[in-house]
Amino acid sequence: MAGARVISSSLSSLAISPAPAERSMGRHRLLNYPSSLSITTKTPIIFNNNNNNYSPPFLTPCLKSIGKISGDSSPSDDSKIPPHLRVNIYSESLPFIQKFRGKTIVVKYGGAAMKSQSLQSSVIADLVLLSCVGLRIVLVHGGGPEINHWLTRLGIQPNFLNGLRVTDASTMEVVSMVLVGKLNKHLVSLINNAGATAVGLSGIDARLLTARPSPNSAQLGFVGDIAVVDPSVLRPLIENSHIPVIASVAADEEGQSYNINADTVAGELAAALGAEKLILLTDVAGILEDKDDPGSLVKEIDIKGVKRMMEGGKIWGGMIPKVNCCVRSIAQGVRTASIIDGRVPHSLLLEILTDQGAGTMITG
């Protein structure tokens with residue numbers, strides 16, 4: 001299959017590519033940039049005949065997003081943002097924008113950030129703003145609570161085994177309906193309405209993902225792993241500044257649909273696209289040195305450190321598959337992977353455009 005990446009089942013054969021030397025600032029490695037900058041644009045200036053104001057077209061959705069971030073109930077009116085504050089935000093964000101502009105960032109969206117309307121608005125605004133300033137965003141989503149809601153409404157009891165959804169034929173039909181038909185199009189609509197251009201897909205479309213049964217398929221039913229990734233359908237979308245929104249459903253070579261863990265989908269897509277960064281939005285602060293102490297957040301750690309923590313039992317429960325997903329993506333060439341707190345408003349901007357971050361960043 002041309003352009004496709006076959007997924008190995010073993011991490012032992014994966015090499016970790018060294019990162020080129022860059023200047024370090026906090027949690028991010030930043031490009032060297034001059035202290036005095038002259039910024040020009042080739043974007044034609046559009047004049048408003050009503051008031052002779054002008055604005056580069058690409059700034060329109062950015063200002064719309066910033067208006068939402070500031071809590072302005074009228075996003076299109078940016079006059080309430082003090083000019084000096086707007087300039088400070090732009091100038092302080094510049095080195096981070098320079099680092100990530102033109103780079104692919106894969107974001108896995110789920111948890112509390114999907115259940116809360118205010119957090120959902122925050123995530124959408126962040127995605128649109130990041131896209132406006134030149135980052136190439138790919139959004140992957142699950143939707144467990146919504147699936148449970150519709151299963152219950154249809155009289156189907158949700159069942160789990162070791163944290164994984166038992167997916168029989170009836171459940172798989174509901175999973176597809178909710179993830180592909182409902183949530184995916186809802187997210188696309190929100191992003192489009194916020195000023196960017198989103199395109200909704202699932203792993204089935206254009207054979208983006210080819211699934212295979214999980215090793216425990218006898219107990220789990222139609223729960224699958226990823227056998228092949230073919231990102232060719234995504235590349236023209238990303239290159240044209242569209243935001244692919246991908247539901248975590250895939251089919252095998254016979255056309256049978258499978259429910260795929262959204263973290264796994266995000267990690268394998270990040271590797272196949274050669275992403276700069278993978279971000280998993282979660283319901284926890286990140287990796288904790290002491291699971292009982294929320295203040296013991298590990299801000300940055302490398303793969304060796306992660307393995308030591310796992311061997312020492314400091315990473316446990318639902319954090320284990322997330323960390324494994326991050327390690328696997330880094331082993332396949334993704335520069336960094338972050339597990340961030342989706343309960344914090346605008347955690348995506350905190351993670352990408354500040355050196356403080358919003359969780360734990362894992363590096364190679």
Side-chain angles (χ1 to χ4, degrees), residues 106-117 119-120 123-124 138-192 198-229 233 243-269 280-283 318 321-322 325 342:
V106 177
V107 178
K108 184 268 180 171
Y109 176 44
M114 182 174 279
K115 291 180 283 186
S116 163
Q117 186 172 352
L119 289 175
Q120 185 176 79
V123 170
I124 296 300
V138 177
L139 183 65
V140 176
H141 70 89
E146 189 77 5
I147 293 170
N148 291 341
H149 170 73
W150 281 97
L151 285 172
T152 302
R153 286 189 62 174
L154 294 170
I156 302 172
Q157 178 64 38
N159 292 314
F160 292 86
L161 178 65
N162 298 326
L164 296 175
R165 184 184 301 278
V166 177
T167 308
D168 58 15
S170 298
T171 301
M172 187 64 234
E173 187 174 7
V174 175
V175 168
S176 293
M177 290 168 57
V178 172
L179 293 187
V180 182
K182 186 176 186 295
L183 283 177
N184 187 268
K185 302 314 170 192
H186 176 61
L187 292 172
V188 168
S189 178
L190 290 176
I191 293 171
N192 288 343
V199 178
L201 299 166
S202 74
I204 298 173
D205 295 303
R207 294 186 292 275
L208 173 58
L209 305 172
T210 301
R212 62 178 174 225
S214 73
N216 299 321
S217 60
Q219 293 80 33
L220 294 173
F222 298 111
V223 174
D225 293 330
I226 299 175
V228 180
V229 180
V233 68
I243 300 177
V245 180
I246 301 163
S248 56
V249 173
D252 63 16
E253 293 180 348
E254 305 301 322
Q256 172 60 54
S257 295
Y258 285 85
N259 183 19
I260 311 290
N261 179 274
D263 293 335
T264 301
V265 171
E268 298 299 344
L269 282 174
L280 305 182
L281 283 167
T282 68
D283 290 343
K322 294 183 183 298
C325 168

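Just so it is clear, the values below take in all heavy atoms, side chains as well, and ignore hydrogens, waters and symmetry mates.
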Engineer: Would the distance check show the side chain of N184 and the main-chain N or O of L201 forming a donor-acceptor pair, the cut-off being under 3.5 Å?
Structural biologist: yes
Engineer: Just wondering, do P213 and Y258 contact through their side chains at under 4.5 Å, heavy atoms?
Structural biologist: yes
Engineer: Within the structure provided, determine whether I147 and P158 are in side-chain contact (heavy-atom separation under 4.5 Å).
Structural biologist: no
Engineer: Work out which heavy atom in C325 is nearest to a heavy atom in L280; give both atom names and the distance.
Structural biologist: SG-CD1, 4.5 Å
Engineer: Nearest 0.5 angstrom please: S202 OG to L208 CG, how far?
Structural biologist: 8.0 Å
Engineer: Where do V106 and A266 come nearest, in terms of heavy atoms and distance?
Structural biologist: CG1-O, 3.6 Å
Engineer: Pairs in or reaching into residues 159-181: which pass salt bridge (charged side-chain N to carboxylate O under 4.0 Å, His left out), with residues at least two apart or in two chains?
Structural biologist: none
Engineer: Find the distance between CG (L164) and OG (S214) and round it off to the nearest 0.5 Å.
Structural biologist: 7.5 Å
Engineer: Do the side chains of V249 and M172 get nearer than 4.5 Å, heavy atoms only?
Structural biologist: yes
Engineer: Quick one: closest heavy-atom pair of S248 and V265, and the distance?
Structural biologist: CB-CG2, 3.9 Å
Engineer: Quick check: closest heavy atoms across G143 and L183, and the distance to 0.1 Å?
Structural biologist: CA-CD1, 3.7 Å
Engineer: With side chains defined as the heavy atoms from C-beta onward, is the minimum distance between V223 and N216 less than 4.5 Å?
Structural biologist: no
Engineer: Run the side chain to side chain contact (heavy atoms under 4.5 Å, CB included) test on L139 and I191 for me, step by step, so that the C-alpha distance in whole Å, both residues' side-chain angles and the decisive distance to 0.1 Å come before the verdict.
Structural biologist: CA-CA 11 Å; L139 183 65; I191 293 171; 4.2 Å; yes
Engineer: How long is the gap from CD on E268 to CG on D263, to the nearest 0.5 Å?
Structural biologist: 11.5 Å
Engineer: So L269 and L209, side chain to side chain contact (heavy atoms under 4.5 Å, CB included) or not? Walk me through it.
Structural biologist: CA-CA 9 Å; L269 282 174; L209 305 172; 4.1 Å; yes
Engineer: Could you pull out the closest heavy-atom pair between V180 and A247, with the gap in Å?
Structural biologist: CG2-CB, 4.1 Å
Engineer: When you compare the side chain of P215 with that of D225, does any pair of heavy atoms fall below 4.5 Å?
Structural biologist: yes
Engineer: Between G203 and I246, which heavy-atom pair has the shortest distance, and what is it?
Structural biologist: N-CG2, 4.4 Å
Engineer: Distance from N192 atom CG to K185 atom NZ, nearest 0.5 Å?
Structural biologist: 10.5 Å
Engineer: Taking it one step at a time, do H141 and H186 satisfy side chain to side chain contact (heavy atoms under 4.5 Å, CB included)?
Structural biologist: CA-CA 12 Å; H141 70 89; H186 176 61; over 6 Å; no
Engineer: Applying side-chain contact (heavy atoms from CB on, under 4.5 Å), name anything that partners S189, two or more places apart in sequence or on another chain.
Structural biologist: none
Engineer: Has Q256 got more than 12 heavy atoms of other residues, nucleotides or ligands less than 6.0 Å from its CD?
Structural biologist: yes
Engineer: If the condition is side chain to side chain donor-acceptor pair (under 3.5 Å), which residues does K182 pass it with, not counting sequence neighbours?
Structural biologist: E146
Engineer: Should L187 and Y109 count as side-chain neighbours, where that means a heavy-atom distance under 4.5 Å?
Structural biologist: yes
Engineer: Can you name the one residue among L179, T167, I156 that meets side chain to side chain contact (heavy atoms under 4.5 Å, CB included) with V174?
Structural biologist: I156
Engineer: Hey, mind stepping through L161 and L220 against side chain to side chain contact (heavy atoms under 4.5 Å, CB included) and telling me if it holds?
Structural biologist: CA-CA 7 Å; L161 178 65; L220 294 173; 3.9 Å; yes
